[in-house]
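These numbers come from a predicted model, not from an experiment. So you know, we letter chains A, B, ... as the sequences are listed, proteins then strands, and number each from 1.
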Amino acid sequence: MTSLLAKPTFASPRARAYANKLGIALDHFEGSGPNGRIIEQDVIHYTEKINSQIKDLTPTKKQHRKITPLAKNISNIQNISIEQVQGSGMDGKIVSADILIKVQQSNNITDKKKLRLAGIRKVIAKRMTDSKRNAPHVTLTVKTEATHLVNYRNVYMEKHKIKISFTDLFVKIVAESLRKHPIINVSLEEEMLTYHNDINIGIAVAREEGLIVPVIHNADQKSLEQISFDVKDKVNRARTRKLKRTDTENSRFTISNLGMYEVDAFTPVINQPESAILGIGRIIEDIIVENSQIRIGKTMVLSLSFDHRVMDGAPAAEFLGELKHFIENPEDILSLQN
Amino acid sequence: MLIRYNKAINNALREEMQKDSTVFIAGEDVGNAGGSFGITRGLIAEFGSARVIDTPISESAIVGMAVGASSTGLRPVIEIMFMDFIAVCFDQIINQAAKMRYMSGGQMALPLVIRTQGGAGLNAGPQHSQSLEALLFHIPGIKVVMPSNPYDAKGLLKTAIRDNNPVVFIENKALYGMKGEVPEEDYTIPFGKAKIVKEGIDVTIVAVGQMVNKALAAVETLENNGISAEIIDPRTITPLDTDTIKQSVKKTGRLIIVHEAVKIGGVGAEIAAMIQEDIFDYLDAPIQRVGAPFTPVPYSKPLENYYLPNENDIINAVKKICVGRQFSFASH
Amino acid sequence: MKKIKLKKGEEGLSHIPNEELMSLYQTMVKIRGFEERVSSLFSDGLIPGFLHLYIGQEAVASGICENLSKEDYITSTHRGHGHCIAKGADVKKMMAELFGKETGYCKGKGGSMHVVDVEIGILGANGIVGAGMPIAVGAGITAKTNNKGQVVIPFFGEGATGIGYFHEAVNMASVLKLPIIFVCESNQYAEFTPRETHLPVKTIVERGGAYGIESFLVNGNDVVEVYQTMKPIINRVRNGEGPFLVECVTNRWSGHFEGDPQRYRPEGEIDEWKKNDPIKNFRSILTSEYHIQESSLVSIEEAVKLELDEAEKFSRESPFPNELSTLEDVYA
């Protein structure tokens with residue numbers, strides 16, 4: 001029997017709904033709202049705290065440490081947190097030797113840390129497992145020439161005096177291809193296929209505490225500049241934990257861009273209830289054989305995973321062909337004048 | 001061009017009368033006198049006394065006349081000099097204009113506009129300062145428009161005149177002198193489409209009529225307090241753009257409704273009820289209403305100032321619910 | 001003020017062609033038959049709500065509307081069946097409306113007090129006493145604007161002269177010189193209250209003088225007198241004169257509404273009036289003075305009965321409206 005003396009927990013409907021979605025009981029949170037009411041930010045704060053503990057058990061308070069440029073580079077490459085390093089230089093400045101000792105130590109560590117999955121990491125774990133378990137994934141890959149795309153981007157940036165990323169370009173290209181292949185713009189939930197009219201592209205963004213997918217809504221109706229602005233804004237807010245819930249809702253198709261890493265092709269996991277995801281590999285200099293002529297150009301590999309319950313290989317292959325076409329002929333959708 | 005709210009309304013009337021010969025104006029003092037607030041000035045000279053009709057002081061008969069004329073093919077735009085006087089002609093508004101189409105099983109269309117003006121701020125006293133839009137908001141069959149600036153006033157009045165339903169067009173006497181940019185070319189503003197006057201992420205402020213401008217005046221202080229407010233002007237309360245309000249509240253999680261009318265039983269009560277019915281789980285704080293106290297509008301300057309909601313009332317309401325760790329730096 | 005009291009036959013019996021006499025008789029019989037039929041269907045529980053019957057007053061609506069065409073407008077009252085039938089309404093659609101059926105004039109949304117047929121100029125029976133008069137003023141503005149000689153006739157009872165509408169509307173119509181004939185049917189009772197209790201004047205025509213309009217007193221139980229008095233007045237209005245006021249003195253045989261036990265009426269009063277039955281009187285002069293064949297009258301009576309039988313069958317067999325149609329026809 002519950003005690004009649006138990007203190008009731010006050011939480012806003014929004015905080016309550018969000019906590020419920022994450023599967024976290026209300027008594028974990030410390031309310032900062034009016035009269036100590038738990039609000040959405042308290043839930044966000046809690047999950048971020050939990051995640052940062054998983055990643056790194058050092059105090060969250062970061063001090064400004066003096067460090068030499070070389071030591072900083074090594075610490076970055078070796079992923080050494082400088083908070084724990086004793087500086088042996090002038091005024092406690094960290095020098096490269098201090099870092100190298102730490103590297104040695106960490107390589108020798110045999111003790112394992114054990115932490116229970118929680119918060120966002122737990123959510124990601126569950127979603128990835130569900131997706132892999134429920135959706136029979138098939139991944140199609142195709143090598144694509146990116147020479148024109150790279151040139152196009154350079155010319156565009158020169159002409160408009162703005163910086164655009166490859167991700168911006170891929171959002172535009174995927175949106176346009178989805179418009180031509182509505183059969184891909186589908187979600188499957190509880191045995192119901194929903195064919196969507198809006199074209200909303202999710203972008204997988206890596207963060208310390210785990211992956212998040214902000215959404216570029218109605219991407220087909222936006223100019224490249226608008227997309228670029230939207231992507232920058234949402235990626236920044238994703239990294240500074242300032243995304244609103246609406247920023248991550250109603251994604252129809254996700255792009256996972258690993259082009260900045262040494263990755264050529266991979267098998268991305270579908271962000272359910274969507275039915276496909278595009279993995280983007282790095283752009284490399286390559287030998288291109290065309291009409292029995294050899295030339296040097298740039299290539300990349302596209303990896304499209306699709307849910308075989310929703311569609312068969314042929315429409316997915318056609319969609320992938322469309323993407324390839326647009327990447328090789330970017331002027332077909334992206335006019336330099338816009 | 002930069003023109004005042006009253007001129008924007010005058011221009012809308014003139015242009016619609018030029019465009020459509022079935023449009024006519026009737027009301028007290030609207031002809032040679034040009035209206036008691038000068039809104040119909042110059043129209044009788046251009047269109048003659050058959051289309052700009054001076055009537056006796058008979059509000060009931062003026063509205064009734066509009067019902068009869070609109071159901072037989074004309075487009076009357078009548079003026080009820082002060083909104084307070086709609087109490088005199090409520091039978092024609094509520095039992096006739098609002099219901100004729102329904103009672104006739106859809107046979108009748110009533111393309112009539114009742115122009116009137118309300119609001120406090122000019123020391124006009126209890127019978128000449130009221131904001132009675134909630135009384136009209138409660139009645140199905142009429143549309144209710146509340147423009148907050150010259151641009152909207154002109155575009156919305158044109159839509160009202162072209163609409164095939166009874167429309168009550170509520171001007172605000174305190175706004176007649178407000179200047180604003182108004183295009184020379186013909187344009188209309190659709191009913192039921194709210195305007196996001198300013199975007200923000202922390203709190204949604206829905207304000208009607210004159211209060212839209214008060215909310216805007218509160219923005220800077222709020223920004224200095226680290227609070228980013230989104231301001232929404234519904235522009236028409238019937239039909240009400242509930243989608244835009246809901247979208248915004250889904251984003252911000254917080255809602256303030258501001259109107260000049262008394263708080264009790266006001267439009268804000270309905271919006272608050274609707275939001276909690278439909279999107280309760282998006283609310284991160286209790287909905288707040290800012291409105292006048294439950295008294296008649298007083299005459300004397302200090303009393304009327306106390307009565308009328310202002311930017312400080314809005315700021316206080318916002319601060320009351322924008323409490324939490326994301327706002328914490330503001331309190332230091 | 002000018003009072004004209006015409007005596008029966010003053011302008012000569014021969015002025016009325018036979019087909020018009022027959023038409024007048026048919027209208028009166030149809031009104032009486034319709035009212036008796038719906039009264040019995042009401043008793044059987046097939047017609048719900050309130051019914052206000054026109055029995056005893058048939059000469060007024062018939063004699064007036066015989067002079068009108070479908071381009072002319074009337075507004076009616078809660079006791080409106082007679083006016084609508086005389087103006088040419090389809091008794092099938094009327095009766096189906098009383099049944100609350102989908103096939104009724106207003107698709108079951110109006111009922112007895114709201115029969116409307118815009119196509120033939122019936123701007124609505126009306127549940128609010130006096131409310132039709134200002135609506136008629138509006139139709140008068142339309143008629144004047146159209147300049148095609150249309151006439152507008154608002155019907156009302158002497159009880160409605162107690163409401164502001166009468167004074168506002170007659171005054172405004174007089175000021176604006178509109179083509180309207182205000183027709184007061186003095187049936188001796190304002191709901192349950194006898195004339196002497198609520199009227200400080202002997203006749204309503206006396207009130208016309210206050211608004212500077214010519215007024216006429218007519219024996220409303222004599223269809224020939226009503227018809228012949230109205231004819232020249234209507235012609236004057238068609239030629240640009242107006243407005244006018246006509247009082248038709250008549251009797252209400254039935255209660256204020258069906259089921260009203262009429263305890264407020266002195267014993268024997270109704271029986272006295274029934275001796276002066278406008279239909280019986282007209283029928284006897286049709287045969288005796290106008291030399292119309294008895295058989296012609298019988299065939300009119302039979303045709304009317306057949307038409308009402310069909311209307312009843314139609315009304316009984318028609319479906320009720322789909323409940324979701326409740327939500328339709330609020331806005332155009």
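- Both the backbone and the side chain of C:L123 come within contact range of chain B, judged by heavy atoms closer than 4.5 Å.
- For C:Y105, the parts sitting under 4.5 Å from any heavy atom of chain B are the backbone and the side chain alike.
- Contacts of B:D163 with chain C are absent, with no heavy-atom separation under 4.5 Å from either backbone or side chain.
- The contact between C:N126 and chain B is made entirely by side chain atoms (from C-beta outward), counting heavy-atom distances below 4.5 Å.
- B:N164 places a side-chain heavy atom less than 4.5 Å from the side chain of B:R75.
- Neither the backbone nor the side chain of B:K99 comes within less than 4.5 Å of any heavy atom of chain C.
- Most heavy-atom pairs under 4.5 Å with chain B, from the set C:T145, C:V152, C:D117: that is C:D117.
- Within the 4.5 angstrom heavy-atom criterion, atoms from both the backbone and the side chain of C:T326 approach chain B.
- Residue contact with chain C, scored on non-hydrogen atoms closer than 4.5 Å, involves the backbone and the side chain of B:Q92 alike.
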Verdict with supporting geometry, C:Y54 and C:H81, ring-ring contact (aromatic ring centres under 6.0 Å, His included): CA-CA 7 Å; C:Y54 195 70; C:H81 303 165; 8.8 Å; no
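- Residue C:A136: no heavy atom, backbone or side chain, is found under 4.5 Å from chain B.
- For the options C:G110, C:G121, C:A332, C:G104, heavy-atom pairs under 4.5 Å to chain B are most numerous at C:A332.
- At a 4.5 Å heavy-atom cutoff, C:E97 makes no contact with chain B through either its backbone or its side chain.
- For the side-chain hydrogen bond (donor to acceptor under 3.5 Å, both in side chains) criterion with B:R235, the lone passing option out of B:D241, B:T159, B:D152 is B:D152.
- The part of B:N95 that comes within reach of chain C is its side chain, from C-beta onward, which places non-hydrogen atoms under 4.5 angstrom from that chain.
- Only the side chain of B:I53 has a heavy atom closer than 4.5 Å to any heavy atom of chain C.
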